[in-house]
Each structure stands twice: as structure tokens, then as C-alpha cells.
**Q** 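Sending over a structure as C-alpha cells; questions will come in a sec.
Remember, it's 1-based here, ligands and their atoms both numbered in the order they're listed.
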Amino acid sequence: MDDKKPSTSDILAKIRAQKAAAAAVTPAPVAAPAPVAAPAVTPAAAIAPQSKPGSTKDILAAIRAKGAIPAAGPSAPAVAGVSVQSEVKAVAASTSPRPSVQDMLKAVREGQGVPSSAKPTVAATSAGKVPVVAPPVPSKPVMASKKVVQPRRGFLMNAVVTISYPFLSAFRVAWTSMAAVTGVATLGTARFMFPNVLVEPPSKFKVGPMSDYPLNSVSNKWKDQYGVWIVHTDQYEGRNLVFALASVCTHLGCTPSWLDGEQKFKCPCHGSGFYMTGVNFEGPAPRPLERVGLKIAEGMLEVDKSVKFQGEMGQWNDAASFVELA
Ligand code: FES
């Protein structure tokens, strides 16, 4: 579009061309307009329908008298151009049956590139005020939508992944199985390194000095821990002896109890009874209680359960089965 504002000569040339075209279509005779004195004509008079300028000079005189167009200016300013259009509209409207005003204004606006929304009102034009044309509101820019850019994998990488995927799955399964088996084997090895162990008391242990065991007494001090009684008595063959008896019934292996009031061992299972010396005297027990090894070591009585002595076998005469006091 041409930004250059049309001059008055251009506007008049367009008007003349339109007039000529209208005359060719409708060759009706046009009455000669009355002469108008240019300096005395007011804008309202120039636009009034009763004074109909016919020639170009009359039109220009009327417009110049209004002051909208300078007398010798090459081109009108942008705002004045709108006023010129209004004047041309008024003049053209007075030359009926010439082309209509709307057609003329449309032709002029199209030639100047003026938008139709900037068309001034008739009231503002007649009052001689310059209309204020609001600039068009710019359209809202369209924001570009954010798109997530996915990393693209090359053709070679796609081919490698596609071909190796089954093998990768197989390797994954194999390694997982191997890891599981290895874990189970490791746990088994660890369990083997810590087996169930039945901790038994030592077979040899010290039970204190001789003075802890008075004559004709039975001590239960070591029965629960080591399963022995320490007996100090002079009732066996009249000898002052200290020996250790195993707390196991010789009938079926129950644990008898020492009854200090009755001065005997009594088995709770079948009622076998034993004297303080360990000799059986009642119940089903077939033989005396067994002795274990006893000796003095470092001034202390030391019991050795690894060695047993049976009275019915004559083993109580073994010096390792007792400690004799003078
Ligand atoms: Fe002691 Fe039978 S086990 S009497």
C-alpha cells in the first residue's frame, strides 16, 4: 500500500474521473451551478446543497476558503486529508445525479488506504473539529506451545537395543539366578561355621576347701550345676572320708533328693532310697550310687566326673574315689 498521502490534484482527478464515468452512464443535463464568491463562502455554505459548485475551481475555492487545504501546498497533512475527504464528500453530494457520497468516499479512502473504522462523523466534520482516530488495537500474539523435546536415538543405537534385548534379558535372568544360588550357599556356609553346640560343664572343677564340709553332712551346693553331692562322713567302714556322689539314681536315672531330716537320698520316680554313704537300701535301685573322682589340688577339693567308681564292683576302695582325713 502506498503510504504517500494523495495531493489535492490527485483527489480532484479521481473525482473528475468518477464524474465522467457517471455522465457517460446517465447523460442527463446538469444545471449550471451558480457562481460562488470564494472568499465569502463559509464551510457550511460550501457544503450546503443550495450552492452547488460545478467546476473544479469552485470546489477548490470552497475548500480553500474553509482553510483545510493550503493554496499552493503540494500535499495535505494526514489529519487535514480527512477534512478534505469530508469536504469533497459534501461537494460531491451537492452535484446530484452524480455518484453517491458513499461511493466517492469509498473510492477516496481506498486510494489513501484509510480504514473504514477511521471514518469521521458528520457532526464532527460540520463543527470544524479534527476527529480523533483511535489506532487499531493490536491483536494478541499467539504464544508458542511448549513442546517436550524427546531425545532421539540414532538408528544404530536402535538396532543395537533391538537385537540385544533378548540376550540382555537372558543374561539378566542368569545373573539373578546365580546371585540367588550364591547367596544361599553363603548363608549355608555361615550356618556351618556356627553349629549347634551343647555346652557341658567341665569334667574337672574345684569345690572349695575341706573346711567347707563338716563331718556327717551332705552338700547340695554343686548338685544343680555339676550334678554331684559332696559327702563328709565317718559312717562308711568307720573311716573319716570325703567323697563325691553322682546325683543319678541307679534304677532308671532319675535325680534323687537329699532328705536331711531322714538322713537319706530319696528317688522321686520309684521310691528308691540310699544312705548317706550312697548304699541303696529301699526301692528298685539295684546298686549303690556311683562315686566320681576326688582329690586335693592346691589346697582345694577337686572333682573329676570323667572317672566313676561303683561300690558293688569294689571300686570305692580306690584312693582316687575319696579323700581320707586323719
Ligand atoms: Fe530312681 Fe526308679 S529311677 S527309683
**Q** Which of the numbered atoms in ligand 1 are below 4.0 angstrom from a heavy atom of L252?
**A** 3 (S)

**Q** Of all the heavy atoms in G283, does at least one lie under 4.0 Å from an atom in ligand 1?
**A** no

**Q** Examine the proximity of ligand 1 to P256 and report which part, side chain or backbone, both or neither, has a heavy atom under 4.0 Å away.
**A** neither

**Q** Determine the minimum heavy-atom distance between E312 and P288, stating which atoms define it.
**A** OE1-CD, 3.6 Å

**Q** H270: which N/O/S atom is nearest atom 2 (Fe) of ligand 1?
**A** ND1

**Q** State whether C267 contributes an N/O/S atom found under 2.8 Å from atom 1 (Fe) of ligand 1.
**A** yes

**Q** In terms of the angle between their ring planes, are W229 and F265 parallel, tilted or perpendicular, with boundaries placed at 30° and 60°?
**A** tilted

**Q** Distance to the ring centre below 6.0 angstrom and angle to the axis at most 45 degrees; does that hold for R287 and F274?
**A** no

**Q** Could you tell me which residues satisfy side chain to side chain donor-acceptor pair (under 3.5 Å) with K206, sequence neighbours excluded, listed by chain and number?
**A** E302

**Q** Can you tell me if, anywhere in H251, an N/O/S atom lies at a distance from atom 2 (Fe) of ligand 1 that is smaller than 2.8 Å?
**A** yes

**Q** Only heavy atoms of C249, strictly under 4.0 Å: list the atoms of ligand 1 that pass.
**A** 1 (Fe), 3 (S), 4 (S)

**Q** So do C267 and C254 have their SG atoms closer than 2.5 Å?
**A** no

**Q** Using a 6.0 Å distance limit plus a 45 degree cone around the ring axis, check whether R291 lies over the aromatic ring of F243.
**A** yes

**Q** So which heavy atom on V228 is nearest to which on S247, and how close?
**A** N-OG, 4.1 Å

**Q** Could you list which atoms of ligand 1 come closer than 4.0 Å to a heavy atom of S272?
**A** 4 (S)

**Q** Give the numbers and elements of all ligand 1 atoms closer than 4.0 Å to a heavy atom of C254.
**A** 3 (S)

